[in-house]
Structure formats: structure tokens, C-alpha cells
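Data block below; observations after.
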Amino acid sequence: MRVLGIETSCDETAAAVVENGRNLLSNVVSSSFALHEKTGGIMPEVAAREQLRFIIPVIDRALKTAGASGGNIDAVAVTQGPGLIGSLLVGVEAGKTLSYVWKKPLIPVNHLLGHLYANFLENDSSFCPPQFPLLFLAVSGGHTQLVHFRDHYDLVLLGETRDDAAGEAFDKVARLLDLGYPGGPAIEKAAASGDPLAYNLPRPLLDVDNLDFSFSGLKTAVLYLTKKDSFKFSEKEKSNLAASFQTAVVETLVGKTVRALQQTGVKTLVAGGGVLANNFLRATLKTAVEKMGVKLYFPPVNLSTDNAAGIAAAAFYRNQPEDLFAVSARANFKLTEGNGSN
Ligand code: KG4
Ligand code: ZN
């Protein structure tokens, strides 16, 4: 089964062709983040306009690279939500139009499932896809969740952030330190030359016996430090604070994930979302879970951040087309509703 995936939930316009949920035939991502650099964050109207500008060339390139066309595509998968409504609309309408014109089924997909199923794409010939039951750690700009999947599309939400998502905290702290946008890679770069022990920052909710997260207090702690007269915004201070912040976020994420693995007894951890592009998170997660005999999956960096390959892969495992006239973009689409769980 050959699926064209389309993803436009935020500031990436992406299209990909995936065969049998596993073989990536093409993967095209165009990002408008350079435009948001000037404003230090995403302007939803600007992002939506860029989606409109790129959607057709991006789909066209994905099809051509895969040697695919309406005639040999079996289904069209599209991110239905969550995300920015203006951006989502562009992808959803494009997907509906192609589905109608090609007379091929339309499979709407939750964005977070795209981050999960990016891990089901083959990366070498000895690749063995994740086995259920599994724990999914989703860490992106909009979400931080721990989800127990008993099987494909059979899930229980174990914990999530009560305020800011981890990626959002990276973006906000990068702005406080004037490090640029997107904040994650900027913090990681600055942190590389910093001392992670220079500032004693909180590990929010880490001592609380639940699986929830909270990152807004951590961001406020960084804000207070930068407001002190003694903080001069030198390169050294900024990299020390970036390193201390990154360590606080990573220790919190890894600590809660280890707790979820202990509580569920699940032996497979699958992680995904833009924050997984962070090498310190990847390494710390690996060390922590391997000690527990848990098999860990995370995607290559280009499939950690937003892409359509995971969306096409997720659709293969669902393969329940919906009436295309009934499908609409949903900004607040939760993993636990609709096509997320049963
Ligand atoms: O999954 P994603 O591409 O989009 C959303 O679904 O939100 O995640 C984007 C988030 C941004 O907040 C960005 O700062 C963060 O992922 N991110 C990183 C890194 N690369 C991207 N965070 C930490 N370290 C990175 N290297
Ligand atoms: Zn995402």
C-alpha cells in the first residue's frame, strides 16, 4: 500500500510517499522558520500564507521523487490536527482535493501519531519495527506526553504537561537569552560550551509521584536569573544558563519516562517530536533506559522534527478512510479522541 502523506500543522510544509508504512520513497520538508526568526516566534498568519505558497511544489516534488502519481497512490493521509488552524487548513484542503480528484481514500491522522510512526520507518536492512505494548514519549513544541500504547491505535494517556510543552520552554528561554529562533537548536548550540552545574534550576514535578510535566516555572526561574543586575548577558553566562536549563529539562523528561516504564513494566520506549533532535536528550534517554533492559527507538534528526513520512506511516496502520466531505482541520485534536484511541 502506497500512501501520500501531507503535514502542515505549524511552520513546516511537508509531503512524503511511504510504502507499507515502512519504506520511505520520498520525504520533502520546506520550513518557513527563517521568516519567524525576525519576530522571535511563529506568526500564525505568516505561517499559513507560507503553507499556501509551498503546498503544491512540495507535494509535486514528493510525488516526482517517489516516481508516484495519482494512478499508483493507494491513499492520501493528512494531518488533521492539532496545530495552527490556518496552517492545518491548507494541508487538509489539499489532501481532500487530491483524494477527490484521484478517487483515492482520505485518511486523517493525528499529528502526534506522525511522531510515533516515524519510528516505524525502516532505517537499515536489519530494522525491526517497535513491538507493542510500548511507551511513547512525545516531546514537541506543542506537546509533552507519556502515552501507553497497548497496540496500534489502542492507547492510554499516562501524563502530560500542565502548562508549557518542553519545546515551547526551549523556544521561550532562547528568546530570553536572545539566542534566536527556533530555540531548541540555539539552546543546544550555546549549551555545548556551557557548564550545566552553573545554575541550580528546578526539576519541576520530578519529586511528585505522577507522570505529569510542568515547564513554565522553569522558564520563570530563568527569567528571574536574567533580571538580576549581576547577569550581564555575556556569552559565558548565556551558555552556562543554556546548559543548566537544558540539563533541567532533560533530567525531568528522562526521570518521568523512567517512572512510566517502571509503573507499566513496558519494555519498549518510542520517542518522537522536535525536542528529540536534541543530542543530550537522546544520549541521556539511551543511558537511562538501556540500564533497565528497555529497547529504545527514536527517529533520525530529520524525522524527529515535523515531517509527513510519519503521517503516511501512521495511516498505513489505521487504513480506515473517512468520508472526505466530513473531514475538517481540528486545532485542538487530542490523541485520546477520534482516530486516537478506542
Ligand atoms: O515536533 P516539532 O518539529 O513541531 C511541533 O510539533 O511542535 O517540534 C518543534 C520543537 C520546537 O519547540 C523546537 O525548539 C524544538 O522542537 N527543537 C529542539 C531541538 N530541535 C528542535 N529542542 C531542543 N533541542 C533541539 N536540538
Ligand atoms: Zn510536531
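Start at 1 and go down the list; that is how both ligands and their atoms are numbered. Numbering starts at 1 and runs along the sequence shown. These numbers come from the heavy atoms of this one structure, side chains and all, not from hydrogens, waters or symmetry mates. Keep in mind that this is a model prediction, so the values were computed, not measured.
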**Message:** I'd like to check which ligand 1 atoms, numbered from 1 as shown, lie under 4.0 Å from a non-hydrogen atom of G142.
**Reply:** 7 (O)
**Prompt:** Cationic tip of K219 within the cone over F215's six-membered ring, i.e. under 6.0 Å and within 45° of the normal?
**Reply:** no
**Message:** Return the closest protein heavy atom for atom 18 (C) of ligand 1 as residue, atom name and distance.
**Reply:** G184 CA, 3.4 Å
**Message:** Within the 4.5 Å heavy-atom criterion, are L106 and V327 side-chain neighbours or not?
**Reply:** yes
**Asked** Any side-chain donor paired with an acceptor under 3.5 Å for T79 and H111?
**Response** no
**Message:** Angle between ring planes, F245 versus F170, binned at 30° and 60°: parallel, tilted or perpendicular?
**Reply:** perpendicular
**Prompt:** With the threshold set at 4.0 Å, does a side-chain nitrogen-carboxylate oxygen contact exist between E45 and R49?
**Reply:** no
**Complete:** Only one of L218, V249, T247, T252 passes side chain to side chain contact (heavy atoms under 4.5 Å, CB included) with L201, and that residue is L218
**Prompt:** Is a side-chain donor or acceptor of N27 paired with a backbone partner of A16 at a separation under 3.5 angstrom?
**Reply:** no
**Asked** Ignoring hydrogens and geometry, is there a side-chain-to-backbone donor-acceptor pair from T305 to G274 under 3.5 Å?
**Response** no
**Request:** Determine the minimum heavy-atom distance between L146 and L135, stating which atoms define it.
**Result:** CD2-CD2, 4.0 Å
**Request:** Could you check atom 17 (N) of ligand 1 against the protein and tell me its nearest heavy-atom contact, residue, atom and distance included?
**Result:** G274 O, 3.5 Å
**Request:** Would you mind checking which non-hydrogen protein atom is closest to atom 6 (O) of ligand 1, with the distance to 0.1 Å?
**Result:** H111 NE2, 3.0 Å
**Prompt:** Can you count the protein N, O or S atoms that lie less than 2.8 Å from the Zn ion (ligand 2)?
**Reply:** 3
**Donor + acceptor pair across side chains of Q80, N110 (<3.5 Å)** = no
**Request:** Could you find the nearest protein heavy atom to atom 26 (N) of ligand 1 and give me its residue, atom name and distance?
**Result:** E188 OE1, 2.8 Å
**Message:** Could you tell me, atom by atom, which parts of ligand 1 come under 4.0 Å of a heavy atom of G167?
**Reply:** 12 (O)
**Request:** Please verify whether a non-hydrogen atom of H115 lies at under 4.0 Å from ligand 1.
**Result:** yes
**Prompt:** Looking at ligand 1, does any of its N/O atoms fall within less than 3.5 Å of an N/O of D306?
**Reply:** yes
**Prompt:** Does D171 approach ligand 1 within less than 4.0 angstrom via side chain, backbone, both or neither, non-hydrogen atoms only?
**Reply:** side chain
**Message:** Between E7 and T13 (side chain of the first, backbone of the second, donor and acceptor by atom type, cut-off under 3.5 Å), is there such a pair?
**Reply:** no
Give every donor-acceptor pair under 3.5 Å between a side-chain atom in residues 173-180 and any protein atom, sequence neighbours left out.
{"from": "R175", "atom 1": "NE", "to": "G40", "atom 2": "O", "distance (Å)": "2.9"}
{"from": "R175", "atom 1": "NH2", "to": "G40", "atom 2": "O", "distance (Å)": "3.4"}

**H143 and ligand 1 - part of the residue with a heavy-atom distance under 4.0 Å** = neither
**Fill in**
If we number the atoms of ligand 1 from 1 as shown, the ones under 4.0 Å from a heavy atom of G141 are 5 (C), 7 (O), 8 (O), 9 (C), 10 (C), 12 (O)
**Fill in**
Quick note on ligand 1: atoms under 4.0 Å from a heavy atom of N278 include exactly 23 (C), 24 (N), 25 (C), 26 (N)
